[in-house]
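First the structure, in the form of C-alpha cells, and then the observations on it.
Letters A, B, ... mirror the listed sequences (proteins, then strands); counts begin at 1.
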Amino acid sequence: MKTLLIAEHENGRLATATLNTASAAARFGGEIDVLVAGYGCDAAVAQAQAIAGASRVLKVDAAHYAEPLAENLAALVTAIVADGGYRAVLVGATSFGKNLAPRVAALLDVAAVSDVVAVAAPGRYERPIYAGNVMVAVESDQPLDVLTIRSTAFDAAPLGGEAAVQVVAAGPDLGLSRVVGRELSKSERPELGAASIVVSGGRGLGSGENYHRLLDPLADKLGAALGASRAAVDAGFVPNDYQVGQTGKIVAPGLYVAVGISGAIQHLAGMKDSKVIVAINKDPDAPIFQVADYGLVADLFEAVPTLVSSLEAA
Amino acid sequence: MKILVPVKRVVDYNVKVRVKSDHSGVELAGVKMAMNPFDEIAVEEAVRLREAGRATEVVAVSCGTSASQETLRAALAMGADRAILVETDVELQPLGVARLLKAVAEREQPQVVICGKQAIDDDANQTGQMLAALLGWPQATFASRMTFGEGVVNVTREIDGGLETLELKLPAVVTADLRLNEPRYATLPNIMKAKKKPLDVVAAGDLGVDIAPRLRQVRHAEPAARKGGVKVADVAELVNKLRNEAKVI
C-alpha cells in the first residue's frame, strides 16, 4: 500500500501544511510518494526529499506547472494515480488543496473527504462539520480516498529523510485557465497558519489605522502572526488573508490573543483549538469570553498599549 | 449568456445545531432552514449580471427533497428567472450532486455556473470543483470579483497568501466567497412575484446518473467543549498569568 502526498510549494519553498499532511499520510502505514509539480522546482524537490517517511519524490517539471492551476494539476494527479497502487491521495486543506482535491476526486470517480482531523485507519476518518460544532466519523470502502488534511490536527513531519527522486512525465497542458494577476500580502511576520502566537483583531478596533497602530507593536513584541475576524476584514481594516474562521484560516497556536473580537461562532471555528486563548473586550458578555482562558474586560485602546509596555518592562 | 446557480437548503446559520442522542446525525426536526449563505451570494452575483445586461437568464437549481422548493422560491424572489428542482430522497453527497448538476448543465447549456464555495452544513467545499471536473470546464474557487471579457471570465480569488486573478475560458464554474457581494433581501412584491415564476421538478432518477452515497457518516458527536477560564482584573495580572501559570510568553 502507498499514498500520494501532493506537495504545495511557492518560490522554491514547501508550504508548512505539506509537512503536517505528511504526518497524516504516515498514519496509513505504507510508502509515501511526494508529488512535486512545478517549473524549475529543484529547491522544492530537495525539501520534499528531506521529509521523514517519504519513500520517493515524484518530480514533474514543466512550464505549464509554473502556476498551480487546478485543471492541469488534477489531470496530472489522475494520470499518476491511474498507474495504480495508491490507497489515498492527500493534500493540505489550504486554498491550494481545497481547490485541487475535489477536482482530482471527481476525475477519479471517488468521493473526497475534506478537512480530515484524524486518520483512525485507512478508510476511517474524522472531520468537523457545522463550523466545527459537530465532529463526524466517516467510513469509506472506496479503493482510493482523496483527502484534504487540516494541518492544525497533525504535527509537522520531521526533516532529515533522503527520499530518492523519480522524474515523471508531465501531463497535458489543457489551456483552460491562466493566472493574470496576483496581489500577495508581504509580511516579515510568521505565517498565520503555522505561528506559535497569533494576535487577532476585530471590529472593536474601529479602523485599519487603529488595527495596525495597536496590534503591530504587540505582535512585534510577541513575535506573533497577525489575524482578524471576518468583521474586521469585511470592514476593510486588513486584507482577506488575515481572516481566521470557518471560511478563513484555521489556526491552533500556543497563544491566541483576541482583541476587540466578539466571538461569533464562525470565528470560534477557526481558533478554538488554540492552546491558550486571551480575550480583551470591553463587553463582559461577549461570547469570546466563554472560550477564553484569560479574559480581560477593558477598553482595548488603553489595555493593549499597557500590555505592550509591560511586556517591554520585563 | 445563461447562468446556472445551484442552491442548497441548509440549517439556518443562526441555529446552534445539536447532535441526536443516538449520534446518527444532527437534529433537524423543527429547525429553521434557509438557503446556504454562500449560495445567496452566488444568486446575487448572477442577478446583478443580468441586471447589468451581461446575462440573459438566471436559472436556479437545487437537488434534494421537495422541501428544497422553498429554497428555490427564495432564489426566484431574489431575481432568478426560473428554477429546477432535481428531486430525490436519497442522501446526497457532493459527488452525487455534481453528477446531477452536470446532467442539468448539459440540458441547459449555461456559459457560467456560479456556486457557493461551500455549504455551511457539511462544510465540504467540493461540489463546484467536482462539477467543473466532470464537465471538463475550468474553475475558479473562492471568488471575490468577476468580470467578463470576450469568451472569458476574469475571477479574483481569495487565496491563503492574498489575492489571485485567473482568466478562465467560458464555459466555466465559479464558486463564490464572502466578499463577492452583499446579497439583497427579497422584497415582499418580489416574494409574491416569485410564486408565479416557473419551477420545474425533475426526478433525479430520470437523469440517469449514479447518486448513491460513497461515504458512511457513522457517528456524530459534539467536540469536547472548551471550558471558559478566568477573568483577570488588569493587564498586570494577565501578564503574570501568561508568564507564570500558562507559561506561553
Pick one of side chain, backbone, both or neither for B:P94, based on which atoms fall under 4.5 Å of a heavy atom in chain A. neither
Using non-hydrogen atoms and a 4.5 Å limit, figure out which bit of B:I120 sits close to chain A: side chain, backbone, both or neither. both
Using a cut-off of 6.0 Å, state whether more than 12 heavy atoms not belonging to B:R48 lie near its atom CZ. yes
Report the option among B:P138, B:G25, B:G229 that has the most heavy-atom pairs separated by less than 4.5 Å from atoms of chain A. B:P138
Contacting region of A:E71 [heavy-atom separation from chain B under 4.5 Å]: side chain
When rounded to the nearest 0.5 angstrom, what distance separates CG in A:L108 from CG in B:L95? 10.5 Å
Could you tell me which portion of B:R179 (side chain, backbone, both or neither) has an atom closer than 4.5 angstrom to a non-hydrogen atom of chain A? side chain
Contact winner vs chain B - A:P284, A:A298, A:A111, heavy-atom pairs under 4.5 Å: A:A111
Comparing B:V232, B:L134, B:L131, B:N125 against chain A, the one with the most heavy-atom pairs below 4.5 Å turns out to be B:V232
Chain A heavy atoms under 4.5 Å from B:L168: which part of the residue, side chain, backbone, both or neither? both
Can you tell me how far CG of A:L184 sits from CG of B:L163, rounded to the nearest 0.5 angstrom? 8.5 Å
What are the two closest non-hydrogen atoms of B:D160 and A:K249, and how far apart are they? O-NZ, 2.8 Å
Contact leader toward chain B among A:L100, A:I277, A:V297, where contacts are heavy-atom pairs under 4.5 Å: A:I277
Is A:D109 paired with B:R99 through a side-chain N to carboxylate O contact shorter than 4.0 Å? yes
When you measure from the side chain of A:S185 to the backbone of B:G162, do you find a donor-acceptor pair of N or O atoms at a distance under 3.5 Å? no
So, does B:Q139 use its side chain to make a donor-acceptor pair with the main chain of A:N99 at under 3.5 Å? yes
Applying salt bridge (Lys or Arg N to Asp or Glu O under 4.0 Å) as the test, list every pair that has at least one member in residues 270-293 of chain A; sequence neighbours left out. A:D293-B:R226
Closest approach of A:Y130 to B:V11 (non-hydrogen atoms, all atoms of both residues): OH-CG2, 3.8 Å
Under 4.5 Å heavy-atom distance to chain A, tell me which part of B:V248 shows up: side chain, backbone, both or neither. both
Could you tell me which of B:V17, B:T127, B:V239 has the largest number of non-hydrogen atom pairs under 4.5 Å with chain A? B:V17
Could you go step by step and tell me if A:L311 and B:R243 meet the side chain to side chain contact (heavy atoms under 4.5 Å, CB included) rule? CA-CA 10 Å; A:L311 292 170; B:R243 207 164 260 155; 3.9 Å; yes
Atom CD of residue position B:E182 - does it have more than 12 heavy atoms of other residues, nucleotides or ligands inside 6.0 Å? no
Nearest 0.5 angstrom please: B:D122 CG to A:I129 CD1, how far? 7.5 Å
B:A236 versus chain A, heavy atoms under 4.5 Å apart: side chain, backbone, both or neither? neither
Do the side chains of A:R127 and B:Q217 get nearer than 4.5 Å, heavy atoms only? no
Say whether, by atom type as modelled, one donor and one acceptor occur between the side chain of B:E222 and the main chain of A:N133 under 3.5 angstrom. no
Using modelled atom types and a 3.5 Å cut-off, is there a donor and acceptor pairing between side-chain atoms of A:E139 and backbone atoms of B:V218? no
Should B:K247 and A:V276 count as side-chain neighbours, where that means a heavy-atom distance under 4.5 Å? no
Which atoms of A:A292 approach chain B - backbone, side chain, both or neither, heavy atom under 4.5 Å: backbone
Quick one: pull up OG1 in A:T148 and CD in B:Q126 and give me the separation to the nearest 0.5 Å. 7.5 Å
What residue in B:L178, B:T175, B:V10 has the most heavy-atom pairs under 4.5 Å with chain A? B:L178
Whether B:Q129 side chain and A:A101 backbone form a donor-acceptor pair below 3.5 Å: no
Any side-chain heavy-atom pair of A:Y294 and B:E237 under 4.5 Å: no
Using non-hydrogen atoms and a 4.5 Å limit, figure out which bit of B:A98 sits close to chain A: side chain, backbone, both or neither. neither
Structural part of A:L192 lying under 4.5 Å from a heavy atom of chain B: neither
Which of A:V278, A:D115, A:I197 touches chain B most, by non-hydrogen pairs under 4.5 Å: A:V278
Taking every non-hydrogen atom, the tightest pair across A:S114 and B:A124: OG-O, 2.7 Å
Atom pair CD1/CD of B:I159 and A:E10 - distance to nearest 0.5 Å: 7.0 Å
In terms of heavy-atom pairs under 4.5 Å with chain B, which of A:L307, A:L255, A:T247 leads? A:T247
Taking side chain as everything from C-beta outward and backbone as N, CA, C, O, which of these in B:K16 sits under 4.5 Å from a heavy atom of chain A? Side chain, backbone, both or neither. side chain
Using every non-hydrogen atom in the two residues, find where B:P223 and A:G132 come nearest and quote the distance to one decimal. CG-O, 3.3 Å
Go through A:V138, A:D141, A:L296, A:L69 and name the one with the most non-hydrogen pairs under 4.5 angstrom from chain B. A:L296
Closest heavy-atom pair and its distance - B:Y13, A:Q266: CD1-NE2, 3.8 Å
Hey, which of A:L268, A:D241, A:N240 has the most heavy atom pairs under 4.5 Å with chain B? A:N240
Pick from B:D177, B:D210, B:V230: which one has the most heavy-atom pairs with chain A under 4.5 Å? B:V230
What part of A:E302 lies closer than 4.5 angstrom to a heavy atom of chain B: side chain, backbone, both or neither? neither
Determine whether more than 12 heavy atoms belonging to other residues, nucleotides or ligands lie under 6.0 Å from atom CD of A:E183. no
Who among B:Q93, B:E167, B:K227, B:K169 has the most heavy-atom pairs with chain A under 4.5 Å? B:E167
Working note: A:Q142 + B:L215, criterion side chain to side chain contact (heavy atoms under 4.5 Å, CB included); need CA distance, chi angles, decisive distance, verdict. CA-CA 8 Å; A:Q142 302 183 127; B:L215 302 171; 4.2 Å; yes
Under 4.5 Å, heavy atom to heavy atom, which residues of residues 140-158 of chain B contact chain A? B:T141, B:F142, B:N154, B:R157, B:E158
For B:R216, does the CZ atom have more than 12 heavy-atom neighbours from other residues, nucleotides or ligands under 6.0 Å away? yes
Using heavy-atom distances under 4.5 Å, tell me whether B:V19 contacts chain A through its side chain, its backbone, both, or neither. side chain
A:R124 atom CZ, neighbour heavy-atom count above 12 within 6.0 Å: no
